[in-house]
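Data first, discussion second: the structure below is written as structure tokens.
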Amino acid sequence: MTAEANITQRDISAVVQASIAGELGLPAEARVDRQATFVDLGLDSAALIGLAGTVTEELGFEVPTEWFFDHPTVDSLAAFLADTLATPEPARG
């Protein structure tokens, strides 16, 4: 998946869920509670650093670790990322 593709909130959520499942050693198709905090799912700070790297790689654009702390559930992070992608960058002049 790349940043050039038309990535939806649902697509982002699926990537984050699969990445969390991988980080926790679960099957990729395992359903992760989208409204539970990452900490409640069993992810500590070190795991979130790895998760940010995996999500960045899968989505094709930078997803800083800080965003996982600012938006601590799958749903809130996916909504934030979808909004971020939908917001055009300011023109440089």
Side-chain angles (χ1 to χ4, degrees):
M1 190 172 293
T2 65
E4 291 77 38
N6 187 14
I7 302 173
T8 66
Q9 184 173 337
R10 179 178 284 174
D11 296 333
I12 294 167
S13 180
V15 166
V16 174
Q17 285 181 300
S19 298
I20 290 170
E23 191 69 36
L24 296 174
L26 303 171
E29 64 276 359
R31 286 286 177 203
V32 174
D33 185 348
R34 297 184 337 241
Q35 296 178 359
T37 67
F38 299 128
V39 171
D40 288 342
L41 292 172
L43 299 167
D44 60 13
S45 297
L48 289 177
I49 292 169
L51 185 61
T54 302
V55 171
T56 291
E57 188 175 306
E58 290 294 320
L59 292 177
F61 60 89
E62 185 68 29
V63 181
T65 304
E66 296 82 28
W67 290 356
F68 286 83
F69 291 99
D70 295 342
H71 309 280
T73 68
V74 172
D75 280 350
S76 64
L77 181 64
F80 171 75
L81 293 175
D83 288 347
T84 299
L85 288 175
T87 303
E89 292 186 31
R92 297 180 187 202

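Positions are given from 1, in the same order as the sequence printed here.
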Check against side-chain contact (heavy atoms from CB on, under 4.5 Å), Ile49 and Phe68: CA-CA 9 Å; Ile49 292 169; Phe68 286 83; over 6 Å; no
message: So, taking the atom named OG1 in Thr54 and the one named CG in Leu48, what distance separates them when rounded to the nearest 0.5 Å?
response: 11.0 Å
message: If you compare all heavy atoms of Glu23 against all heavy atoms of Leu43, which two are closest, and at what distance to 0.1 Å?
response: CG-CD2, 3.7 Å
query: So, for Gln35 and Thr73, which heavy atoms are closest and what is the spacing to 0.1 Å?
result: O-CG2, 3.4 Å
- prompt: What's the shortest heavy-atom distance between Val63 and Thr56, and which atoms?
  reply: N-OG1, 2.9 Å
- request: May I have all residue pairs that pass salt bridge (Lys or Arg N to Asp or Glu O under 4.0 Å) and include part of residues 36-56, sequence neighbours excluded?
  value: none
field: Residues in side chain to side chain contact (heavy atoms under 4.5 Å, CB included) contact with Gln17, at least two apart in sequence or another chain
entry: Ser13, Arg31, Val32, Arg34, Val74
Verify same cluster id: Leu41, Leu26 (apolar side-chain graph, 4.5 Å): yes
- prompt: When the ring planes of Phe80 and His71 are compared, do they come out parallel, tilted or perpendicular, using 30° and 60° as the limits?
  reply: parallel
- request: Kindly indicate, with the supporting measurements, whether the criterion side-chain contact (heavy atoms from CB on, under 4.5 Å) is fulfilled by Ile7 and Leu81.
  value: CA-CA 10 Å; Ile7 302 173; Leu81 293 175; over 6 Å; no
- request: Taking all heavy atoms of Ile12 and all of Ala78, pick out the closest pair and write down the distance.
  value: CG2-CA, 3.7 Å
statement: Taking every heavy atom of Ala21 against every heavy atom of Pro27, the minimum-distance pair comes out as CB-O, 3.4 Å
message: Quick check: closest heavy atoms across Ser19 and Leu51, and the distance to 0.1 Å?
response: CB-CD1, 3.4 Å
query: Side-chain heavy atoms under 4.5 angstrom apart, residues restricted to Ile, Leu, Val, Met, Phe, Trp, Tyr: same cluster for Phe69 and Trp67?
result: yes
side-chain contact (heavy atoms from CB on, under 4.5 Å) evaluation trace for Phe61 with Leu85: CA-CA 10 Å; Phe61 60 89; Leu85 288 175; 3.7 Å; yes
- prompt: Can you get from Leu24 to Val15 by hopping between Ile, Leu, Val, Met, Phe, Trp and Tyr side chains that sit under 4.5 Å apart?
  reply: yes
